[in-house]
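What's counted below: heavy atoms across the whole structure, side chains too, no hydrogens, waters or symmetry copies.
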Amino acid sequence: MAILVSRVTRRSRFGSSLWRRSAYALAALPAGLASLTGARVQPALAHRLLDVPSGRPGRFRTILHALLSLPLGVLSLLAGAYGWGIVVLNLFYPARWLIGMGGSLKDAWGGPTLAGAWAVHATGGLVMLLLIPALMKGITTLQARLMVRVLGRADGTIVR
């Protein structure tokens, strides 16, 4: 039973859905800014990456959605970039010196040895690796609900 639960959790947490949601979270703000012109960039991106069905709204609704989704776009970009950045920088802690982020191991958490510092930072990276899927799902679910609410469904009905 535990193995089955583990496989289902792993598949749903780190499957293609996570990467699509992460890609949308990182691209939502630029797509929203492009949609301010009336182009349907953000709805097309959401349809492709999040499978959000939307109708063919007019220019006014597209611009309205772009304006309303800007705060969520900023939040998703910051959360996605910061969250995935923490995962990468902490799991690959020794590589920080290659990009100029190195410092003294004497002052590092888990220091003064590289092994201790890497162990402590990798633990933080693994914790974030487990939290990021829930964060990405939550933010992109809010974005998808806002899109359906403002732009309507694929059958043309507006959700009230």
Side-chain angles (χ1 to χ4, degrees), residues 1-59 61-96 99 101 118-160:
M1 178 70 173
I3 293 173
L4 178 63
V5 171
S6 166
R7 285 184 184 165
V8 169
T9 304
R10 187 174 346 118
R11 193 173 307 134
S12 64
R13 184 171 288 171
F14 296 107
S16 65
S17 173
L18 168 66
W19 304 117
R20 286 193 321 265
R21 287 181 181 276
S22 295
Y24 182 80
L26 295 173
L29 181 62
L33 292 173
S35 293
L36 284 173
T37 64
R40 298 188 69 242
V41 177
Q42 194 169 13
L45 185 69
H47 178 68
R48 180 174 292 257
L49 294 176
L50 302 179
D51 295 327
V52 176
S54 68
R56 306 266 315 147
R59 183 180 172 107
R61 284 198 177 273
T62 301
I63 293 172
L64 177 66
H65 173 262
L67 282 172
L68 292 175
S69 68
L70 281 178
L72 276 176
V74 169
L75 175 70
S76 69
L77 179 65
L78 291 176
Y82 184 73
W84 286 117
I86 285 176
V87 169
V88 170
L89 285 175
N90 284 341
L91 289 180
F92 301 107
Y93 182 77
R96 287 183 178 191
I99 58 173
M101 290 184 62
W118 194 358
V120 169
H121 285 84
T123 302
L126 289 173
V127 168
M128 280 304 290
L129 184 62
L130 296 176
L131 293 177
I132 287 291
L135 182 65
M136 291 295 102
K137 185 171 184 171
I139 291 173
T140 54
T141 299
L142 283 174
Q143 289 173 327
R145 286 183 181 173
L146 176 66
M147 183 169 296
V148 170
R149 174 80 52 152
V150 175
L151 298 181
R153 295 189 177 131
D155 62 3
T157 60
I158 302 297
V159 180
R160 303 250 177 221

* To do: Supply the atom-to-atom distance Leu78 CG to Leu26 CG, rounded to the nearest 0.5 angstrom.
  => 10.5 Å
* Asked: Is the shortest heavy-atom distance from the side chain of Val127 to the side chain of Leu130 under 4.5 Å?
  -> no
* Structure fact -> Taken to the nearest 0.5 Å, the spacing of Leu72 CG from Met147 CE works out to 10.5 Å
* To do: Indicate the atoms forming the closest heavy-atom contact of Ser69 with Ala66, along with that distance.
  => OG-O, 3.3 Å
* Quick one: OG on Ser35 to CG on Leu64, what's the gap to the nearest 0.5 Å? -> 12.0 Å
* Give a yes or no answer on whether the side chain of Thr140 reaches the backbone of Arg21 with a donor-acceptor pair at less than 3.5 Å. => no
* What's the shortest heavy-atom distance between Val52 and His47, and which atoms? -> O-ND1, 3.3 Å
* Heavy-atom pair with the smallest gap, counting every atom of Ile139 and Ala79 -> CD1-CB, 3.8 Å
* Compare all side-chain heavy atoms of Ile86 with those of Ile132 and state whether any distance is below 4.5 angstrom. => no
* Do Leu50 and Thr141 come close enough that some side-chain heavy atom pair is under 4.5 Å? -> no
* Structure fact -> For Leu70 and Leu36, the nearest pair of non-hydrogen atoms, with its separation, is CD1-CD1, 4.2 Å
* Counting N and O atoms only, with roles assigned by atom type, does the side chain of Arg61 sit under 3.5 Å from a partner on the main chain of Leu151, one being a donor and the other an acceptor? -> no
* Structure fact -> Value for CH2 (Trp19) from CG (Leu49), rounded to nearest 0.5 Å, stands at 14.0 Å
* Asked: What are the two closest heavy atoms between Leu77 and Leu29, and how far apart are they?
  -> CD2-CD2, 3.8 Å
* Asked: Would Leu126 and Leu129 count as a side chain to side chain contact (heavy atoms under 4.5 Å, CB included) if you check the C-alpha gap in whole Å, the side-chain angles of each, and the deciding distance to 0.1 Å?
  -> CA-CA 5 Å; Leu126 289 173; Leu129 184 62; 4.3 Å; yes
* Do you know the tightest heavy-atom contact between Ala28 and Gln143? -> CB-NE2, 3.6 Å
